[in-house]
Q: 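Below you'll find the structure I mean.
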Amino acid sequence: MVARRWWRLSGAASALLLLAPVSGIATTLLSFEHPVVAIPRAANVAGLVLVASVVAGLPLVIGAVVAWRRRFWTVTRRVHFSLVAAALLVAFPLLAYWRVLGLAG
């Protein structure tokens with residue numbers, strides 16, 4: 001039961017990470033405003049989606065360790081889960097560097 005929750009959280013976090021550019025483009029195209037106004041708004045929307053995916057993905061690092069120790073799934077699924085967790089962990093400093101997370105620096 002716990003393994004399924006971790007797997008679902010992994011899928012939700014990675015889906016959010018992939019949907020960030022789509023949400024920005026959709027915001028730009030559906031706003032019907034001048035690009036000077038629409039593009040910064042789209043960047044804010046995409047940034048919020050990226051922040052949500054990183055926040056949702058941070059617990060996945062702990063979940064990856066637990067999955068390997070308790071042998072939750074097959075090796076293929078554990079590797080996939082670990083790669084998603086690693087990608088979201090690497091995304092955090094990248095988003096902080098580009099100041100998408102709103103951190104001062």
Side-chain angles (χ1 to χ4, degrees):
M1 193 65 155
V2 174
R4 287 184 182 162
R5 283 190 211 140
W6 283 110
W7 190 254
R8 287 184 185 135
L9 183 61
S10 168
S14 61
L16 277 173
L17 192 62
L18 292 174
L19 288 177
V22 174
S23 65
I25 292 170
T27 303
T28 302
L29 293 177
L30 295 176
S31 68
F32 298 111
E33 293 180 352
H34 195 273
V36 173
V37 175
I39 290 175
R41 185 176 298 151
N44 287 336
V45 170
L48 289 174
V49 174
L50 285 171
V51 169
S53 66
V54 168
V55 168
L58 287 177
L60 293 179
V61 177
I62 298 166
V65 173
V66 171
W68 281 99
R69 285 194 178 167
R70 294 187 185 174
R71 300 175 190 242
F72 278 159
W73 310 290
T74 63
V75 175
T76 307
R77 279 191 171 192
R78 281 183 284 190
V79 167
H80 178 263
F81 184 81
S82 298
L83 288 174
V84 170
L88 290 168
L89 190 63
V90 168
F92 187 78
L94 286 175
L95 294 176
Y97 175 78
W98 289 104
R99 298 185 182 167
V100 175
L101 297 176
L103 303 174

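Along the sequence shown, residues carry numbers from 1. Keep in mind it's a predicted model, so treat the numbers as computed, not measured. The basis for the numbers below is simple: all heavy atoms, side chains too, and nothing from hydrogens, waters or symmetry mates.
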Q: Do I62 and V84 belong together in a cluster built from hydrophobic side chains that touch within less than 4.5 Å?
A: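 Yes: a chain of side-chain contacts under 4.5 Å links I62 to V84.
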
Q: Between G63 and F81, which heavy-atom pair has the shortest distance, and what is it?
A: C-CE2, 3.4 Å

Q: Are L83 and V75 in one and the same hydrophobic cluster, where Ile, Leu, Val, Met, Phe, Trp and Tyr link if side-chain heavy atoms are under 4.5 Å apart?
A: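 Same hydrophobic cluster.
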
Q: Report yes if the side chains of W68 and V79 come closer than 4.5 Å at any heavy-atom pair, otherwise no.
A: yes

Q: L94 and V61: same hydrophobic cluster, using ILVMFWY side-chain contacts below 4.5 Å?
A: no

